[in-house]
Q: 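One structure, pasted below without further comment.
Letters A, B, ... mirror the listed sequences (proteins, then strands); counts begin at 1. All values derive from a computational prediction rather than experimental measurement.
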2 protein chains.
Amino acid sequence: MRDSDDALTIDQLNTFLLVAKYSSFHIAAEKLFLSQPSVTSRIQALENDLGVTLFVRQGRGIKLSDQGEKLVPIAKRIIGMYHKARTTLEN
Amino acid sequence: MRDSDDALTIDQLNTFLLVAKYSSFHIAAEKLFLSQPSVTSRIQALENDLGVTLFVRQGRGIKLSDQGEKLVPIAKRIIGMYHKARTTLEN
DNA sequence: GACGTTTACGATTAACGTAAGGATA
DNA sequence: TATCCTTACGTTAATCGTAAACGTC
């Protein structure tokens, strides 16, 4: 069981943004060179961490939930900030 | 061995900021209710992820390295963004 | 039945705490 | 020697992939 600690990872946010972009777990899995169940696990862990449902499961496919929509821009900013950190320090 | 993946965690950044604030691993460990070696591990993992040395070890104590100084404001912004995500979604 | 997501499960990897080691004052 | 960080090591928890199951088309 995962508590609502601060265990959030950049990998989780990256995975989330890819799934959101393609509205697909298996395409995100391809892009990440990961198995599809691993993507499911990452999203579930993220949903658990944040205490919200990010995607609406509708049988064959999925789509972003309202909360998921809200997370997208913030996730992008965090990822951007992370890359800024890397480039700032890589010199 | 830790590759330069995107395995960065919020916990690592939080730990980093606390260590930087107190210039002390063992005080950060207290604040985090963690053992001192765990703090060492987290910082080492972060240094590995980013490929830089964040603290200058000087026997008894430590201090921020130049790269560490650069990371502080960026880490603060990432943490702030993370909390914004939580408050935005908690409603 | 084909396609896409989830669950189950065993194996690999990472994180933690206790205890011991190393370095400085 | 007292203080603080690091290394060693055994244990516990998280992550992954394969295989099977479930739900829509």
Q: Any side-chain N or O of Gln44(B) below 4.0 angstrom from OP1/OP2 of dT7(D)?
A: yes
Q: Touch check for Gln36(B), heavy atoms < 4.0 angstrom, all strands: base, sugar-phosphate only, or nothing?
A: base
Q: List for me each residue that meets side chain to side chain contact (heavy atoms under 4.5 Å, CB included) alongside Lys21(B), sequence neighbours excluded, and say none if there are none.
A: none
Q: Just how far, in rounded Å, is P of dG22(C) from CD1 of Ile62(B)?
A: 21 Å
Q: Map Arg42(B) and Pro37(B) onto DNA chain C by nearest heavy atom, then report which one ends up closer to the 5' terminus.
A: Arg42(B)
Q: If you check every side-chain atom of Ser38(A), which of dG17(D), dG4(C), dC5(D) has the closest atom?
A: dG17(D)
Q: If every non-hydrogen atom of Phe55(B) is compared with every non-hydrogen atom of Glu47(B), which pair is closest and at what distance?
A: N-OE2, 3.4 Å
Q: How close or far is atom C1' of dC16(C) from atom CG of Asp11(B), stated in whole angstroms?
A: 13 Å
Q: Can you name the residues that form a side chain to side chain contact (heavy atoms under 4.5 Å, CB included) with Val72(B), not counting sequence neighbours?
A: Phe16(B), Leu17(B), Ala20(B), Leu64(B), Lys76(B)
Q: If you find the nucleotide of DNA chain D closest to Arg57(B) and the one closest to Gln58(A), which residue's nucleotide is nearer the 5' end?
A: Arg57(B)
Q: Hey, could you give me each pair passing salt bridge (Lys or Arg N to Asp or Glu O under 4.0 Å) that has a residue in residues 63-72 of chain B? Not counting sequence neighbours.
A: none
Q: Measure from CZ on Phe55(A) to C1' on dT6(C) and round the result to the nearest Å.
A: 15 Å
Q: Under the salt bridge (charged side-chain N to carboxylate O under 4.0 Å, His left out) test, which residues partner Arg60(A), sequence neighbours left out?
A: none
Q: What residues from residues 14-35 of chain B pass a heavy-atom cutoff of under 4.0 Å to DNA chain D?
A: Ser24(B), Phe25(B), His26(B)
Q: Rounded to the Å, how far apart are Glu47(B) CD and dC5(D) P?
A: 13 Å
Q: Counting side-chain heavy atoms from C-beta on, which of dT6(D), dT6(C), dC16(C) comes nearest to Thr40(A)?
A: dT6(C)
Q: How would you list, by chain and number, every residue that makes a side-chain hydrogen bond (donor to acceptor under 3.5 Å, both in side chains) with Ser24(A), sequence neighbours excluded?
A: His26(A)
Q: I need the Ile78(B) CD1 to Arg77(A) CZ distance, nearest 0.5 Å.
A: 13.0 Å
Q: In whole angstroms, how far is the P atom of dC5(D) from the CZ atom of Arg60(B)?
A: 10 Å
